[in-house]
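Below is one structure, written out as structure tokens, with a few remarks after it.
All residue numbers in this chain count up from 1 along the given sequence. Any value given below was found using the heavy atoms of this structure, including those in side chains, with hydrogens, waters and symmetry copies removed.
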Amino acid sequence: MKLFPSFNALRAFEAVARLGSVSLASSELSVSPGAVSRQLKELESCLGVAVLERNGRGLRLTSNGKLLQSGLHPAFTMITNCVLTTHRNSGRRRLQLATVPLFAAFWMIPRLHRFVRAEPEVDIAISDRFEQTADGASGTDAIIEWGSFDSTDDVIAERLTVETVFPVCSPASRPSDGLAGATLLHRQDFPSRYDFPNWTAFLAAVELDGPDGLGSQSGPGISGGLVLNAAREGMGVALVVGTIAHDDLASGRLVRPIPQSMKTEHGYWLLIRRAVSERSDIKAFRDWLREELAASVGRPRPEDRVPVTDPAVRAVA
């Protein structure tokens with residue numbers, strides 16, 4: 001019996017725990033879902049405790065799993081930073097990208113293998129944008145961010161998507177009569193500067209919030225992007241934007257219980273440090289991003305823009 005789990009088993013668990021899905025973890029690690037599942041079994045066999053358990057059709061961390069994740073995530077972040085530092089010191093250029101986790105997990109990561117295949121000479125390092133330092137010391141070249149921005153002397157802001165907000169749910173949990181009686185999933189701990197509508201604002205905008213008071217309908221509060229995972233697993237109806245829900249709607253994993261949608265001036269933007277904007281790897285990634293988005297969700301239309309005021313954007317400058 002092994003006394004210590006393998007590095008690959010720990011890496012597989014950390015990815016599954018962070019992304020909430022074996023399939024997303026397999027895409028990130030460039031291995032099959034079966035390989036990830038085998039690594040998880042090896043880990044639990046070696047530790048002698050369960051770290052994950054089934055929750056309907058999904059996975060959730062056990063108490064032991066939460067304890068393990070709390071130590072592994074900063075450890076793997078440290079390893080990644082050490083490797084990136086070594087690459088920089090060796091003179092090898094790497095494209096440093098920070099991105100909103102929701103965009104990365106539900107749209108970009110499932111497609112990124114095509115960029116890697118098309119540009120084998122480009123090294124790309126992707127991190128959660130919340131890990132970036134306010135003074136830009138992390139060396140980030142570009143950020144994919146949600147909001148509405150304008151270019152500055154230091155940052156080129158390019159709109160990637162034009163979005164609408166609408167409800168989604170799993171086919172099995174689709175309400176039979178619009179949203180009447182549906183369990184509404186509420187985002188919590190979501191930054192207010194994102195200006196993402198809650199149920200009350202959405203239902204008022206589409207003129208569905210009548211005397212029954214749907215906007216205050218009870219339902220679980222779920223942090224950030226995990227609300228989409230909850231909708232996938234049949235817990236209720238979630239509010240999302242088109243880009244994030246695109247693949248799930250196309251595959252039938254999610255459906256729209258009502259046809260109404262709410263326009264938003266916000267969208268996903270690519271923010272590039274002007275000093276590196278002419279680099280060949282930056283241009284290649286920007287072109288790939290445009291092509292992939294045009295093929296899936298369409299090209300953005302001109303929109304009003306506002307100045308860059310977000311600290312995460314200033315980190316690029």
Side-chain angles (χ1 to χ4, degrees), residues 7-39 73 76-129 131-132 138-145 156 158 160-161 225 243-244 246-248 250-251 268-273 276-297 299 316:
F7 179 85
N8 285 339
L10 294 172
R11 187 166 173 246
F13 167 76
E14 191 278 333
V16 171
R18 172 167 40 85
L19 299 173
S21 164
V22 169
S23 61
L24 291 176
S26 69
S27 296
E28 179 177 292
L29 299 175
S30 299
V31 297
S32 69
V36 173
S37 295
R38 287 192 294 273
Q39 294 289 357
H73 179 67
F76 275 103
T77 299
M78 185 179 297
I79 291 171
T80 299
N81 289 339
C82 287
V83 172
L84 295 181
T85 300
T86 303
H87 271 285
R88 287 196 291 270
N89 289 343
S90 69
R92 185 179 181 90
R93 176 160 284 173
R94 172 168 287 212
L95 195 165
Q96 303 272 11
L97 176 70
T99 178
V100 180
L102 197 62
F103 182 86
F106 289 97
W107 188 88
M108 190 173 70
I109 293 298
R111 294 167 170 80
L112 195 62
H113 63 95
R114 292 198 281 268
F115 175 76
V116 174
R117 260 203 320 266
E119 304 290 340
E121 300 303 314
V122 176
D123 288 333
I124 183 168
I126 302 171
S127 64
D128 183 321
R129 67 173 194 84
E131 295 174 359
Q132 305 308 304
S138 61
T140 304
D141 298 314
I143 287 178
I144 296 174
E145 175 65 291
I156 297 174
E158 178 179 328
L160 297 176
T161 69
T243 298
I244 298 307
H246 178 273
D247 290 359
D248 281 317
S251 69
Y268 287 104
W269 288 68
L270 178 64
L271 307 163
I272 303 173
R273 282 199 299 134
V276 301
S277 61
E278 294 302 311
R279 266 178 25 194
S280 60
D281 56 340
I282 297 287
K283 288 183 175 180
F285 180 73
R286 181 173 53 194
D287 290 345
W288 171 81
L289 206 54
R290 287 172 176 165
E291 291 170 5
E292 289 283 350
L293 282 164
S296 60
V297 298
R299 299 185 184 278
V316 185

Item to complete: Could you tell me the separation between the CD atom of E292 and the CE atom of M108, rounded to the nearest 0.5 Å?
Response: 11.0 Å

Discussion item. I'd like to know whether T243 forms a side chain to side chain contact (heavy atoms under 4.5 Å, CB included) with L160, so could you lay out the CA-CA distance, the side-chain angles of the two residues, the decisive distance to 0.1 Å, and finally the verdict.
Written reply: CA-CA 10 Å; T243 298; L160 297 176; over 6 Å; no

Practice prompt. Start with the C-alpha gap between W288 and V122, add the side-chain angles, then the distance that decides, and say whether side chain to side chain contact (heavy atoms under 4.5 Å, CB included) holds.
Written response: CA-CA 12 Å; W288 171 81; V122 176; over 6 Å; no

Fill in: Residues that F103 engages under ring pair (Phe, Tyr, Trp, His ring centres under 6.0 Å), provided they are two or more places apart
W107, Y268

Worksheet item: Looking only at heavy atoms, what is the nearest atom pair of A12 and Q39, with distance?
Response: CB-CB, 3.7 Å

Response to the item:
Rounding to 0.5 Å, atoms OG1 (T140) and CD1 (I272) come to a distance of 13.0 Å

Worksheet item: Is a donor on one side and an acceptor on the other found under 3.5 Å between the side chain of H246 and the backbone of S296?
Response: yes

Worksheet item: Of the non-hydrogen atoms in F106 and D247, which two are nearest, and what is the gap between them?
Response: O-OD2, 3.9 Å

Worksheet, complete the sentence: Value for CD (Q96) from CD1 (I126), rounded to nearest 0.5 Å, stands at 10.5 Å

Practice prompt. Give the minimum heavy-atom separation between D281 and L95, together with the two atoms involved.
Written response: O-CD1, 3.4 Å

Worksheet item: Looking at CD1 of I156 and CZ of R273, how far apart are the two atoms once the value is rounded to the nearest 0.5 Å?
Response: 11.5 Å

Worksheet item: Are the side chain of D141 and the backbone of L97 linked by a donor-acceptor contact shorter than 3.5 Å?
Response: no

Worksheet item: Any side-chain heavy-atom pair from D287 and F115 closer than 4.5 angstrom?
Response: no

Practice prompt. Kindly indicate, with the supporting measurements, whether the criterion side chain to side chain contact (heavy atoms under 4.5 Å, CB included) is fulfilled by I124 and F285.
Written response: CA-CA 9 Å; I124 183 168; F285 180 73; 3.7 Å; yes

Discussion item. Ignoring hydrogens, what is the shortest heavy-atom contact between L102 and I244? Give both atom names and the distance.
Written reply: O-CD1, 3.7 Å

Discussion item. Within this structure, what is the CG-CG distance for the pair N8 and L29, rounded to the nearest 0.5 Å?
Written reply: 8.5 Å

Fill in: Closest approach of V36 to V16 (non-hydrogen atoms, all atoms of both residues)
CG1-CG2, 3.6 Å

Worksheet item: What heavy-atom pair brings L19 and A105 nearest, and what distance separates the two atoms?
Response: CD2-CB, 4.3 Å

Practice prompt. To the nearest 0.5 Å, tell me how far S23 OG sits from I109 CD1.
Written response: 12.0 Å

